Amino acid sequence: IARLVLSASLVLFLACDRAESAVARQAHPEGGPPPLRRATPLAGFVPLATELRVAAGDGRNSRQGVCRERIRRDMMMESAGTDPRRGREKADGGVEGYREDTKLVKGGYRGPEWTTDPLGKSVVNPPTMHASTITFPTVGALREAVKDYPFRGLSYGRHGTPTSWALEEAFATLEGGHKACAVSSGVAAINCALLAFLESGDHALVSDGVYDPTRSFCDHFLAKFGVETTYFDPVCTPEELEAMIKPNTKVLFLESPSSLSFELHDFSGLAKIGKVYGTAVICDNTWGPSIFKPLELGADVSLNAATKYIGGHSDLMMGLIACTQETYRRVKLSVKALGCPAGPDDCYLALRGIRTLGVRLQRHEESGLAIATWLEQRPEVTRVMHPALPSHPQHEIWKREFTGSCGLFSFQLTDEIGSEAVDAFCDTLIQGLFAMGYSWGGFESLVLPVKINSARSVTKWDYSSPGCGLTVRMHIGLEDVQDLKDDLERGFAALKAQQLEVESNAEKISCDLDRKVSQCPMSSTMAMNSSK
C-alpha cells in the first residue's frame, strides 16, 4: 500500500511539473520570471503576497510550492470551464450592468483570490488580515513591490491588505468610481481629499452648510499654511458661484444636503462651473450612499464617513474616498503622506455593512419619511427640513438628483417654545427608545438639539421670523414607527408641561415684581406727582 501511494504521488508530481513547465514555456518562451498577472490593480485591488512570490521568485522551492498549487487549480477550473475569475477584469469588479442592490452585494467580491485551496473552495467574506511588516521571498519581489510604491500591492501594512482592498473596490463600485481609499475616519477622508489638491497660496470654495469639522479644518489648519477659504450659500446659483471663483481657486467642496439644515445644492450646475474653471470638485456624500451619485453629476472625488450608514451599527470609525481615474493617484498619495489607514477589523465590518446597506437604507427612508410627515402635522412644529418632503424648498432638486432618502433630518419648533421645554422633550425621549449623541447612521434612533448658526458664516438660519424657534435633529433608526411615535407623543407632552411651568413661573415673577413696585413708597410719591 505504501508503495502504491508513493508511486501515485510521484506520477502526480511529474505530471504537475510537466504542466507547469509547459505553461511557463508558452507564456515566456524567452525565459525569465513572469510578470505580475495583475500589474495594475482594479478598483484598489492588488495581487496577494503569494502572487508576488510567484512573480518574482526564481528558486525551486517557490516554483514547486505555491506556483504548483495555483497551476493545478487553474488547470482543473479551466478544463471544467468553471473558472470564476473570468470576466472579473473590469474596473467595477465584474458587476457592470447589474442593478444597485446587486452591486452592493457583489462589489469587491474576489472569493477565488481569498484561498489557496487547490480546488478553489473559498469563503464569502475576505479574511481579516492584520499586518504591519510585509516579508519578501526574494530581492526581485521587493523591487517589484516598490516600483510604483504604494500602488503595487503588498509593501507595508499601512498601505493596504486584501481586507482593505476588498472594501475599497466595493466602495468604488458603490460610488461609480475608478478606485477608492480607506482611511481611519470621515474627518480623515475630508482632510486627505482637500490636501490632495491644495497647497500654500491656493483658494478653496466651500459650502456654508458643510459638516463643522470641515469648516474647522479650513479655518484653523489650512489657513495656517496660506490656503484661503471662501464660504458660499448652499442654495446659490451656478452664476453666483462663478462670480466667486478666483485664478487660484483649486477646490470646490460641496455637501448635499447641508449638515444640520438640509438644503440641497444644484449639484450638477455647480459641478459644471467647477469643471469649466479646472477646480477639483469634492463632495461629502455621507447622507446619501447608493442614493446619490456625485461622480456621475460631475464630482472628481466622493467621500463618505463610513462610520455612519455604511458601518450601520455605531461601532466603527472609518472614512472612504472614491476617485475618478484622473484623481486617484493624488488622493492615494495624500493618504500615504498623512498616514491614516483604516484598521483591518473596521474594514471587515464596513464591507459587511455595505452588503446590507440597500435593505437598511430602505427601512431608514420609509421610517424617516413617516416620522417627518407626522411631525409636520404637530402644532409645536413650524417646519421639517427633510429633502424628500414636498414642502422642502429644494424638493425638485431632490427628485432630479437623488433616488431616495435616509433617516436623518431636522425640524424647527414654534417660537414660543423655550430651551427648557426642548431639554425636557429630549430628556423624555432618551428615557425611551431614542438615544442622544453625535453621529448617526446606526440602527438606533437619535435626538439632538442643534444650533444651526453655530456652524454658519454666510447665510444665517432664520430664528427671528415669527414662528421660527429652536431646532432639533433626528435620526430615525430601525425600530417600529408606531413605537417611535408613542415616544414622541410623550416627549411633546413633557415639552408642553415644561413650557407651561416656565410660563407660570414667569407670570408669577412678573406679578411679584408688579406687587413690589406698587408697594414701594417712591412709586406712590411718583404716582401722586403724576396725577397733580
Side-chain angles (χ1 to χ4, degrees), residues 186-187 190 206-217 219 231 233-235 255-264 284 286-288 305 307-309 314 364 368-369 371-372 374-376 378 380-389 391-394 405-430 433-442 444-465 467-477 484 487-488 491-492 494-495 498-499:
V187 171
I190 293 166
V206 178
S207 169
D208 199 35
V210 293
Y211 180 44
D212 192 43
T214 306
R215 177 185 296 271
S216 178
F217 184 71
D219 292 347
Y231 297 98
D233 188 341
V235 297
E255 183 174 343
S256 192
S258 295
S259 181
L260 303 183
S261 52
F262 298 92
E263 301 104 324
L264 294 179
D284 185 337
T286 303
W287 192 85
T307 305
K308 299 178 172 66
Y309 276 126
S314 302
H364 284 295
L369 273 173
I371 296 297
W374 182 82
L375 285 170
E376 277 197 313
R378 298 288 307 190
E380 304 91 345
V381 176
T382 294
R383 56 180 164 183
V384 179
M385 294 88 85
H386 192 307
L389 291 176
S391 59
H392 191 278
Q394 291 87 46
S405 62
C406 65
L408 186 74
F409 61 92
S410 294
F411 65 92
Q412 188 163 21
L413 296 161
T414 54
D415 56 353
E416 71 271 8
I417 297 174
S419 60
E420 292 181 357
V422 175
D423 291 351
F425 172 76
C426 295
D427 287 344
T428 301
L429 289 183
I430 63 177
L433 295 175
F434 285 82
M436 184 183 298
Y438 296 102
S439 194
W440 39 272
E444 74 285 1
S445 292
L446 298 170
V447 62
L448 188 71
V450 293
K451 296 180 180 179
I452 296 173
N453 287 337
S454 65
R456 299 290 280 261
S457 59
V458 176
T459 308
K460 294 294 185 179
W461 189 256
D462 187 4
Y463 285 107
S464 58
S465 296
C468 295
L470 300 174
T471 44
V472 177
R473 189 181 75 180
M474 305 206 81
H475 175 256
I476 302 303
L484 293 175
D487 268 16
L488 287 166
F492 280 117
L495 180 149
Q498 182 63 38
Q499 186 63 26

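Nothing here was measured: the structure is a model prediction, and the numbers come from that model.
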Task: Heavy-atom pair with the smallest gap, counting every atom of G467 and D415 - done: N-OD2, 3.0 Å

- [ ] Heavy atoms only: give me the nearest I452-Y463 pair and the separation to one decimal.
- [x] N-OH, 3.1 Å

TODO: Look only at the side chain of S259 and the backbone of V210, and say whether a donor-acceptor pair between them is shorter than 3.5 Å.
DONE: no

Task: Rounded distance (nearest 0.5 Å) linking atom CD1 of I417 with atom CG of L495 - done: 4.5 Å

Open item on the list: Let me confirm one number: the CZ-CG distance from F217 to D219, rounded to the nearest 0.5 Å.
Closed with: 11.0 Å

Task: Polar side-chain atom of Q498 near backbone of A421 as donor-acceptor pair, under 3.5 Å - done: no

Task: Nearest-0.5 Å distance, CG of residue D487 to OG1 of residue T428 - done: 9.5 Å

- [ ] Flag the pair W461 / L260 as yes when at least one side-chain heavy-atom distance between them is below 4.5 Å, and no otherwise.
- [x] no

- [ ] Could you tell me whether K308 sits above the aromatic face of Y211, with NZ or CZ closer than 6.0 angstrom to the six-membered ring centre and within 45 degrees of the axis?
- [x] yes

Open item on the list: Return the CE to OG distance between M385 and S261, rounded to the nearest 0.5 Å.
Closed with: 7.0 Å

TODO: Find out whether L488 and I371 are in side-chain contact, i.e. whether some heavy atom of one side chain is under 4.5 Å from a heavy atom of the other.
DONE: yes

TODO: Verify the neighbour count for atom NZ of K460: are there more than 12 heavy atoms of other residues, nucleotides or ligands below 6.0 Å?
DONE: yes

- [ ] Return the minimal non-hydrogen interatomic distance between S439 and T307, and the atom names on each side.
- [x] OG-CG2, 4.2 Å

Task: T459 backbone acceptor or donor facing D208 side chain under 3.5 Å - done: yes

TODO: Check for a donor-acceptor pair, side chain of N453 on one end and backbone N or O of R456 on the other, with a separation under 3.5 Å.
DONE: no

Open item on the list: When you measure from the side chain of H386 to the backbone of H392, do you find a donor-acceptor pair of N or O atoms at a distance under 3.5 Å?
Closed with: no

Open item on the list: Testing the basics here: between G442 and H364, what is the closest heavy-atom pair and its distance to 0.1 Å?
Closed with: O-CE1, 3.2 Å

Open item on the list: I'd like to check E376 versus L389 (side-chain heavy atoms, cut-off strictly below 4.5 Å). Are they in contact?
Closed with: yes

Open item on the list: I'd like to know if the side chain of S445 reaches the main chain of I476, judged simply by a donor and an acceptor atom lying under 3.5 Å from each other, with no hydrogens or angles considered.
Closed with: no

Open item on the list: Distance to the ring centre below 6.0 angstrom and angle to the axis at most 45 degrees; does that hold for R383 and F411?
Closed with: no

- [ ] Please confirm whether R378 makes a cation-pi placement over F492, using NZ or CZ under 6.0 Å from the six-membered ring centre and within 45° of the ring normal.
- [x] yes

Open item on the list: For a quick test of reading the model, state the closest non-hydrogen atom pair linking M436 to L446 and the distance between them.
Closed with: N-CD2, 4.4 Å

- [ ] Spell out, as yes or no, whether a donor-acceptor pair under 3.5 Å connects the side chain of Q499 to the backbone of G418.
- [x] yes

Open item on the list: Using a strict threshold of under 4.0 Å (side-chain N to carboxylate O), is an ion pair present between R215 and E255?
Closed with: no

TODO: Would you check if W287 and P387 make a side-chain contact, meaning some heavy-atom pair closer than 4.5 Å?
DONE: yes

Task: Trace of the side-chain contact (heavy atoms from CB on, under 4.5 Å) decision for E380 with F425 - done: CA-CA 11 Å; E380 304 91 345; F425 172 76; over 6 Å; no

Open item on the list: Ignoring hydrogens and geometry beyond distance, is a side-chain donor-acceptor pair present between T382 and Q412 at under 3.5 Å?
Closed with: no

Task: From S419 atom OG to K451 atom NZ, the distance as rounded to the nearest 0.5 Å - done: 8.0 Å

Open item on the list: Side chains of L448 and V472, heavy atoms from C-beta outward: is any pair under 4.5 Å?
Closed with: no

Open item on the list: Would you say the ring centers of Y309 and W440 fall short of 6.0 Å from each other?
Closed with: yes

Open item on the list: Before you tell me yes or no, could you show the steps for L413 and V422 under side-chain contact (heavy atoms from CB on, under 4.5 Å), namely the whole-Å CA-CA distance, both residues' side-chain angles and the distance that decides it to 0.1 Å?
Closed with: CA-CA 9 Å; L413 296 161; V422 175; 3.5 Å; yes

Open item on the list: As an exercise, state the distance from CZ of R473 to OG of S410, rounded to the nearest 0.5 Å.
Closed with: 6.5 Å

Task: Non-hydrogen atoms of I190 and T214 that approach each other most closely - done: CD1-OG1, 3.2 Å

